[in-house]
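Below is one structure, written out as structure tokens, with a few remarks after it.
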Amino acid sequence: MTSPSNSKAEVRQKLAGLASDLAGHLQWLSEEGVKQVTLPAGRPVIASAPATAAVAASLDPEQAAARLQAIAATVASCRKCRLHEERTRTVPGAGSLQPDIMFVGEGPGEEEDKQGIPFVGRAGQLLTRLITRMGYTRESVFIGNIVKCRPPKNRKPQPDEMAACLPYLRDQMAVIKPRVIVALGATALEGLVPGSGLISRARGKWLTFASIPLMPTFHPSYLLRNRSAMWDVWHDMEKVLEKLGTAPPARPG
Ligand code: SF4
């Protein structure tokens with residue numbers, strides 16, 4: 001039986017998900033140049049997206065690179081949440097300025113914290129193989145995380161830490177405008193679309209974040225422990241490729 005406190009938590013989760021969707025929709029409207037929308041009751045609502053979203057519409061590659069560097073510089077000195085206390089380096093994310101796909105993981109691990117580069121450990125190598133199998137390279141996609149500082153002892157980022165860090169990811173998306181987001185694992189999914197449930201049930205089904213199609217799938221570190229789940233991930237990536245109107249390269253005979 002659902003307890004009153006559980007059902008309150010579920011309502012809060014659903015409201016947080018709706019708020020996230022609404023913020024994304026307003027951001028998209030703002031990017032499209034819409035200054036005001038009208039509710040059925042006739043009351044106007046201003047589309048109040050971050051300034052970066054509106055600016056990004058007219059960025060050339062040089063400006064986009066400068067904007068990404070500025071975000072990375074802000075991240076490097078960020079102390080908005082407790083994760084700054086034990087970090088060695090921030091890991092802002094890396095990749096193309098105009099990617100088809102943005103992969104979003106959980107947070108930096110030990111190697112990433114040392115190098116300042118996302119997904120460089122064993123899970124990163126597996127992700128790189130997956131990206132290559134899809135017909136892309138690490139340089140032609142963008143790879144980031146839901147938090148940009150390593151959680152101590154690789155623990156899961158807390159909801160307040162993810163909420164503090166999410167604006168940086170939103171700003172990066174507004175600059176690079178990925179066509180599809182792939183959320184890697186339960187934590188990334190929870191950070192992007194709160195209340196979307198277990199990753200084992202949510203994976204393989206399209207969601208949206210900031211009006212961008214989002215495909216949840218398993219995290220590569222889960223695949224290291226459960227190799228058979230690789231097929232599930234591959235089926236999810238086939239849906240991503242289909243959405244992008246492309247197909248994986250043929251395997252060498
Ligand atoms: Fe700032 Fe994000 Fe690092 Fe927290 S995790 S200190 S919000 S950059």
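In this text the structure is predicted, and so the values were computed from the model without any measurement. Both counts, for ligands and for their atoms, begin at 1 and track the order of listing.
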Should the pair Lys114-Glu111 be classified as a salt bridge under the 4.0 Å nitrogen-to-oxygen rule?
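Looking at Lys114 and Glu111, the cut-off is met.
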Under 3.5 Å: donor-acceptor pair, side chain of Lys148, backbone of Thr90
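A pair under 3.5 Å: no.
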Please report the shortest heavy-atom distance between Gly93 and Pro118, naming the atom on each side.
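Nearest pair, atom of Gly93 first, then Pro118: CA-CG, 4.0 Å.
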Taking the six-membered ring for Trp and the full ring for Phe, Tyr or His, determine whether the centres of His219 and Phe103 are under 6.0 Å apart.
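Centroid distance His219-Phe103: not below 6.0 Å, so no.
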Within reach of ligand 1, part of Glu161 (heavy-atom separation under 4.0 Å):
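Neither; nothing of Glu161 gets under 4.0 Å from ligand 1.
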Give me the residue, atom name and distance of the protein heavy atom closest to [atom].
atom                    : answer
atom 4 (Fe) of ligand 1 : Cys81 SG, 2.3 Å
atom 2 (Fe) of ligand 1 : Cys165 SG, 2.3 Å
atom 1 (Fe) of ligand 1 : Cys78 SG, 2.2 Å

Which atoms of ligand 1 sit under 4.0 Å from any heavy atom of Arg87?
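Within the 4.0 Å cut-off of Arg87, ligand 1 contributes 3 (Fe), 6 (S).
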Mark up the atoms of ligand 1 that fall under 4.0 Å of a heavy atom belonging to His84, in ascending order.
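Contacts of ligand 1 toward His84, numbered from 1: 6 (S).
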For Thr217 and Arg203, test the side chains for any donor-to-acceptor distance below 3.5 angstrom and give the result as yes or no.
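No, no side-chain donor-acceptor contact under 3.5 Å.
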Option whose closest heavy atom lies nearest to atom 3 (Fe) of ligand 1, chosen from Cys149, Ala163, Ala164
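Among Cys149, Ala163, Ala164, the closest heavy atom to atom 3 (Fe) of ligand 1 comes from Cys149.
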With Lys243 as the cation and Trp206 as the aromatic partner, state whether NZ or CZ is under 6.0 Å from the six-membered ring centre and within 45° of the axis.
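Pair Lys243/Trp206 counts as cation-pi.
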